[in-house]
2 protein chains.
Amino acid sequence: MTEHEERRLIDRQAGMADANSKSQFTIGDLAREFGTTLRTLRFYEDKGLLNPRREGQQRLYSRRDRARLGLILRGKRVGFSLSEIREMLDLYDLRDGQVTQMRVALSRFEKQVDNLRRQKEDIEEAITELSRTIEIVGGILKEKERQSA
Amino acid sequence: MTEHEERRLIDRQAGMADANSKSQFTIGDLAREFGTTLRTLRFYEDKGLLNPRREGQQRLYSRRDRARLGLILRGKRVGFSLSEIREMLDLYDLRDGQVTQMRVALSRFEKQVDNLRRQKEDIEEAITELSRTIEIVGGILKEKERQSA
DNA sequence: AATAACGCTTACGTAAACGTCAACTGCAAA
DNA sequence: TTTGCAGTTGACGTTTACGTAAGCGTTATT
């Protein structure tokens with residue numbers, strides 16, 4: 001079965017009625033719930049972000065795995081790379097009492113906010129530059145149209 | 001000579017006193033003036049963005065080439081990919097009287113502004129989400145510190 | 001028995017924009 | 001003549017986050 005077909009299957013199913021009551025999840029369960037693909041989950045595992053147990057060949061995800069996946073996806077949304085996320089999760093596993101770990105995370109989050117702010121500024125500058133160009137080009141265009149009229 | 005060494009050479013030279021009086025430029029001239037590398041200029045040529053003439057083996061850039069390079073770099077700054085830039089430059093070369101060409105460019109610029117606005121929104125959302133997380137984590141941390149005191 | 005639904009693995013492909021090497025050539029100054 | 005600087009041409013490497021292909025196994029249903 002190709003990934004494409006897999007996705008169609010995922011898309012057309014919804015019934016996650018008991019997602020919170022369950023304590024074990026298949027790879028398909030999680031893909032559906034979080035709107036990702038099987039490939040992605042396997043990829044994350046390959047990168048050491050997830051470690052579901054195996055029932056024979058099959059992956060079985062615990063509630064903890066599921067929570068980790070949630071953290072991974074949030075991390076992505078806010079612009080962390082997978083390797084950064086991995087580091088933080090590893091750190092989280094060490095739990096040296098959590099306080100130190102939380103402090104570390106906190107400072108990374110703050111740094112990332114700075115990054116995002118910088119990116120935002122870059123984009124704003126680009127918008128400004130492009131808008132200026134648009135006005136200039138637009139002006140010339142109008143001029144030309146006036147002449148040819 | 002490695003790229004690293006090349007860059008050092010570039011960095012330590014400045015004298016572009018006559019950059020505007022000249023009409024011919026070596027690859028090093030342009031790299032210095034625009035703050036890029038030789039490799040980059042060769043790469044752009046490879047991608048069909050630049051077409052300097054040759055004096056034997058050596059590349060010789062005209063003022064027109066130099067202007068094109070300026071456009072390329074502006075295009076990059078505002079978020080166009082090299083292939084998009086290439087298309088627009090090619091279009092520019094056709095000069096069907098320029099008006100049609102300018103209209104095409106104009107609409108692309110406007111689309112790109114939309115893209116940039118969207119990107120900006122995404123970043124703003126990320127900032128919001130991360131800030132919320134920071135507050136939560138920060139709150140818990142304070143709580144813990146209070147307890148241990 | 002066949003098909004569907006779910007899962008598995010290996011492994012190559014993709015896009016973007018160059019960086020990094022290697023191995024030369026040409027020219028001028030010391 | 002030996003450096004040193006400037007330039008040349010391949011061609012492979014890098015990064016990120018998966019997509020896609022291909023082929024195979026397991027259950028449950030039809």
Side-chain angles (χ1 to χ4, degrees), chain A residues 1-16 24-50 52-61 65 69 72-87 115, chain B residues 1-13 15 24-50 52-61 69 72-73 75-87 115:
Chain A
M1 172 180 292
T2 70
E3 195 70 24
H4 180 58
E5 293 170 299
E6 284 180 341
R7 201 131 23 122
R8 284 205 344 238
L9 291 174
I10 290 168
D11 286 347
R12 83 165 181 257
Q13 297 196 27
M16 48 137 254
Q24 298 284 26
F25 310 85
T26 71
I27 192 171
D29 288 342
L30 292 191
R32 240 170 279 129
E33 180 176 354
F34 289 96
T36 55
T37 67
L38 309 191
R39 178 69 181 91
T40 298
L41 297 187
R42 294 181 196 123
F43 178 76
Y44 289 168
E45 181 173 347
D46 208 53
K47 293 290 162 180
L49 294 167
L50 290 175
R53 30 180 283 266
R54 299 302 181 103
E55 186 95 348
Q57 279 245 99
Q58 305 221 162
R59 292 165 173 82
L60 264 188
Y61 297 80
D65 292 323
L69 178 54
I72 293 167
L73 297 177
R74 288 190 56 175
K76 284 206 56 185
R77 278 201 301 279
V78 300
F80 285 112
S81 73
L82 292 186
S83 68
E84 289 169 323
I85 292 171
R86 190 204 135 102
E87 267 187 85
N115 286 340
Chain B
M1 173 180 291
T2 69
E3 195 71 22
H4 181 57
E5 292 170 301
E6 283 179 343
R7 202 130 25 123
R8 280 202 350 233
L9 291 174
I10 290 169
D11 287 346
R12 84 165 180 256
Q13 297 193 29
Q24 298 285 28
F25 310 85
T26 72
I27 192 171
D29 288 342
L30 292 191
R32 239 170 279 128
E33 181 176 353
F34 289 96
T36 55
T37 68
L38 309 190
R39 179 68 181 93
T40 298
L41 297 188
R42 293 181 195 122
F43 179 74
Y44 289 168
E45 183 174 345
D46 208 53
K47 293 290 163 180
L49 294 167
L50 290 174
R53 31 180 281 266
R54 299 304 179 102
E55 187 96 347
Q57 281 244 98
Q58 305 220 163
R59 291 165 173 83
L60 264 187
Y61 297 81
L69 178 54
I72 293 167
L73 297 177
K76 285 205 55 186
R77 277 202 303 279
V78 300
F80 286 111
S81 73
L82 291 186
S83 68
E84 289 169 322
I85 292 170
R86 190 205 135 103
E87 267 187 84
N115 286 341

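Both backbone and side-chain heavy atoms feed into the values below; hydrogens, waters and symmetry mates do not. Per chain, numbering begins at 1; letters A, B, ... match sequence-line order.
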Which pair of non-hydrogen atoms, one from [X] and one from [Y], has the smallest distance, and what is that distance?
X       : Y       : answer
A:Thr40 : A:Thr37 : OG1-OG1, 2.9 Å
A:Gln57 : A:Arg54 : O-NH1, 3.0 Å
A:Asp65 : A:Pro52 : OD2-CA, 3.6 Å
B:Ile27 : B:Leu38 : CD1-O, 3.7 Å
A:Thr26 : A:Tyr61 : C-CD1, 4.0 Å
B:Lys47 : B:Arg86 : O-NH1, 3.1 Å

**Report entry** DNA chain D contacts made by residues 52-60 of chain B, counting heavy atoms under 4.0 Å
**Finding:** B:Arg54, B:Gln57, B:Gln58, B:Arg59

What is the distance, to the nearest angstrom, from the [atom1] atom on [X] to the [atom2] atom on [N]?
X       : N      : atom1 : atom2 : answer
B:Tyr44 : C:dA16 : OH    : C1'   : 11 Å
A:Ile85 : D:dA17 : CD1   : P     : 8 Å
A:Phe25 : C:dC6  : CZ    : C1'   : 17 Å
B:Arg42 : D:dT9  : CZ    : P     : 7 Å
B:Ile27 : C:dT25 : CD1   : C1'   : 16 Å
A:Lys47 : D:dT16 : NZ    : P     : 8 Å
B:Leu69 : C:dC18 : CG    : P     : 11 Å
A:Arg86 : D:dT15 : CZ    : P     : 15 Å

Which atom pairs link the protein and nucleotides 11-14 of chain C when you take only N or O atoms and keep those under 3.5 Å?
none

Query raised in the report: For the side-chain contact (heavy atoms from CB on, under 4.5 Å) test, which of A:Leu49, A:Thr36, A:Leu50, A:Leu82 pairs with A:Phe43?
Result: A:Leu82

Query raised in the report: Short question: side chain of B:Gln58, backbone of B:Glu55 - any donor-acceptor pair under 3.5 Å?
Result: no

Query raised in the report: Would you say B:Thr37 reaches C:dG19's phosphate, i.e. side-chain N/O to OP1/OP2 under 4.0 Å?
Result: yes

**Report entry** B:Thr26 side-chain N/O to D:dG7 phosphate OP1/OP2 under 4.0 Å
**Finding:** yes

Report task. Would you mind classifying the nucleic acid contact of A:Ser83 as base, sugar-phosphate or nothing, using non-hydrogen atoms under 4.0 angstrom? Result -> nothing

Report task. Please name all residues satisfying salt bridge (charged side-chain N to carboxylate O under 4.0 Å, His left out) with A:Glu87, sequence neighbours left out, ordered by chain then number. Result -> A:Arg108

